[in-house]
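As C-alpha cells, the structure follows; a few thoughts come after it.
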Amino acid sequence: MKQEGTPIAMLTAYDYPMATLVDASGIDAILVGDSLGNVVLGYDSTVPVTMEDMIHHVRAVSRGVKRAMVVADMPFLSYHISREESVRNAGRLMQEGLAQAVKLEGGSEVVDTVKAITAAGIPVMGHLGLTPQSVHQLGGFKVQGKDGEAARRLLEDAKKLEDAGVFAIVLECIPQQLAKVITESVSVPTIGIGAGIHCDGQILVTHDLLGMFSDFTPKFVKRYANLKEQILQACRDYQQEVRSKAFPGPEHVFNMAEEELKKIY
C-alpha cells in the first residue's frame, strides 16, 4: 500500500463486538492497544496493563476478525527485562492471543529486542514519538521532536528500527514536517496518530472516533459520531419505561395457554 500510495486506515478494538464491526467496515488493520488500560479498564495510563490483560483482549478481538490484520501491543515491562522474555511474551500474543503481529515502543534502545523477536518469525511494528508507556519519563503527554536535535534522534531511530526488521512504524504526536521526513526516509509504512497527513496511514482509538470516551480528547482526534450521548439517552429512556411499566410491552413477553395456567393453582 505504501508503494502504491494508498493510505492505510487502522483503528483500535479491545473486544469481540467492536472487532467484528471495525473489521466489517473494511479497515485495513486493527491494533489491540495497551490503551485498553485507559479506555476499557479505567486506569489513568497504560503502565498497569499486564500480559494477561493483553492476551485476554487480543484473543477476543481475534475471534471477531475475518480479514483485517490484528496487531497486539506488548505492554509495559513485557519486553524490557531480557531478550528471551521479550520473545516469549511476543510469542504468547501470537500463540495464545492469535495476533498476526506485535507492536512495541522505543527507538535505538529496543533495536536488539526487535531483531530477536523478528528472528523468531514474529512481525514487529515500531512506535516512536509520544510513547505512552514512557509518559512519566517524557514529562507528560507532550508533542515530541519539536527541536532539531530531538527530531534528528527520532529520524535516526526510525532508520534503526527499519534496519532491525520492523514492518511499520507508528509515529505519535510529532510535528507533521518531521513525520514527512521520516516517511520519505524509510521504506516501511508510517502510521500516524497526531503526526499529520504525510504519513502512509493513520490510526485512532475507536472509542475516541465514536465519541464514547470523553475523559480527555487529544487535539488530533476527530469525532465521527457522538455515541456517548446516544447511549446515555437510551439508558435514560429504558429507565423511564421500567419505572412507568411501559417496558416490557406485550411484544416482549411470553404467554401460556389458559388451561395450563389453571393447573398451577
Side-chain angles (χ1 to χ4, degrees), residues 7-51 53-76 78 90 93-94 97-105 123-133 135 141 167-173 189-195 199-228 231:
I8 300 162
M10 289 187 68
L11 283 172
T12 62
Y14 312 104
D15 55 33
Y16 175 85
M18 188 64 77
T20 59
L21 292 173
V22 173
D23 184 54
S25 76
I27 288 295
D28 301 308
I30 293 174
L31 173 67
V32 189
D34 58 0
S35 48
L36 73 90
N38 307 80
V39 179
V40 177
L41 301 181
Y43 299 129
D44 60 3
S45 77
T46 63
V47 173
V49 178
T50 66
M51 271 297 297
D53 291 333
M54 288 305 306
I55 290 170
H56 176 82
H57 287 270
V58 174
R59 188 187 295 126
V61 167
S62 296
R63 287 195 290 264
V65 173
K66 290 183 171 61
R67 39 158 306 283
M69 182 182 195
V70 176
V71 182
D73 256 340
M74 296 193 68
F76 183 64
S78 68
L93 289 170
M94 301 278 286
L98 306 178
Q100 293 153 328
V102 300
K103 180 174 77 64
L104 53 80
E105 299 178 0
V124 177
M125 177 180 280
H127 186 157
L128 293 172
L130 175 57
T131 47
Q133 290 175 14
V135 65
F141 293 94
F167 70 89
I169 304 171
V170 170
L171 300 177
E172 181 168 358
C173 278
T190 58
I191 309 297
I193 178 166
C199 297
D200 296 305
Q202 302 291 329
I203 184 168
L204 283 178
V205 172
T206 301
H207 289 65
D208 290 338
L209 174 149
L210 296 176
M212 294 174 67
F213 182 77
S214 59
D215 290 1
F216 171 70
T217 304
K219 177 183 179 181
F220 54 77
V221 168
K222 178 177 179 179
R223 288 187 179 174
Y224 290 80
N226 187 11
L227 294 194
K228 177 181 177 180
I231 292 169

Query - Under 3.5 Å side-chain donor-acceptor pair for Thr50 and Asp53 - result: yes
Report summary line: Between Val65 and Ala19, the two heavy atoms sitting closest are CG2-CB, 4.0 Å
Query raised in the report: Quick one: are Glu172 and Glu105 in side-chain contact, heavy atoms under 4.5 Å?
Result: no
Requested in this report: Please report the closest heavy-atom contact between Ser62 and Ala99, naming both atoms and the distance.
Outcome: OG-N, 4.0 Å
Query raised in the report: Would you say the side chain of Pro123 lies within less than 4.5 Å of the side chain of Met94, judging by non-hydrogen atoms?
Result: yes
Query raised in the report: Counting N and O atoms only, with roles assigned by atom type, does the side chain of Arg67 sit under 3.5 Å from a partner on the main chain of Ile27, one being a donor and the other an acceptor?
Result: yes
Query raised in the report: Measuring from Leu171:CG to Ile191:CD1, what's the distance to the nearest 0.5 Å?
Result: 8.5 Å
Report summary line: Residues Ser78 and Pro75: closest non-hydrogen pair is OG-O, 2.6 Å
Requested in this report: Would you sort out whether Met125 and Met10 count as a side chain to side chain contact (heavy atoms under 4.5 Å, CB included), showing the intermediate values?
Outcome: CA-CA 13 Å; Met125 177 180 280; Met10 289 187 68; 4.0 Å; yes
Report summary line: Distance col, row Ile169:CD1 vs Thr190:OG1, nearest 0.5 angstrom, shows 8.0 Å
**Report entry** Pairs where residues 7-29 contributes a residue and the test ring-ring contact (aromatic ring centres under 6.0 Å, His included) is met, not counting sequence neighbours
**Finding:** Tyr14-His207
Query raised in the report: Looking at Met69 and Ala101, what are the two nearest heavy atoms and their distance?
Result: CE-CB, 3.7 Å
Query - Spacing of Ile203 atom CD1 and Leu209 atom CG [to the nearest 0.5 Å] - result: 11.5 Å
Requested in this report: Just jot down the ring pair (Phe, Tyr, Trp, His ring centres under 6.0 Å) partners of His127, sequence neighbours excluded, or say none.
Outcome: none
Query raised in the report: Are any non-hydrogen side-chain atoms of Val70 and Leu98 less than 4.5 angstrom apart?
Result: no
Report summary line: Note: Thr12 and Ser35 closest approach over all heavy atoms is CG2-OG, 4.5 Å
Requested in this report: Compare all side-chain heavy atoms of Thr206 with those of Met212 and state whether any distance is below 4.5 angstrom.
Outcome: no
Query raised in the report: With Leu11, which of Asp28, Leu210, Leu204, Leu31 fulfils side-chain contact (heavy atoms from CB on, under 4.5 Å)?
Result: Leu204
Query raised in the report: Just by distance, do the side chain of Asp23 and the backbone of Lys66 share a donor-acceptor pair under 3.5 Å?
Result: yes
**Report entry** Residue pair Met18, Val40: steps toward the side chain to side chain contact (heavy atoms under 4.5 Å, CB included) verdict
**Finding:** CA-CA 12 Å; Met18 188 64 77; Val40 177; over 6 Å; no
**Report entry** Nearest atoms (heavy-atom pairs only) where Met74 meets Asp34
**Finding:** O-OD2, 4.4 Å
**Report entry** Test log, rule side chain to side chain contact (heavy atoms under 4.5 Å, CB included), inputs Met51 and Leu93
**Finding:** CA-CA 8 Å; Met51 271 297 297; Leu93 289 170; 4.1 Å; yes
**Report entry** pair Thr46-Phe76: side-chain heavy atoms closer than 4.5 Å
**Finding:** no
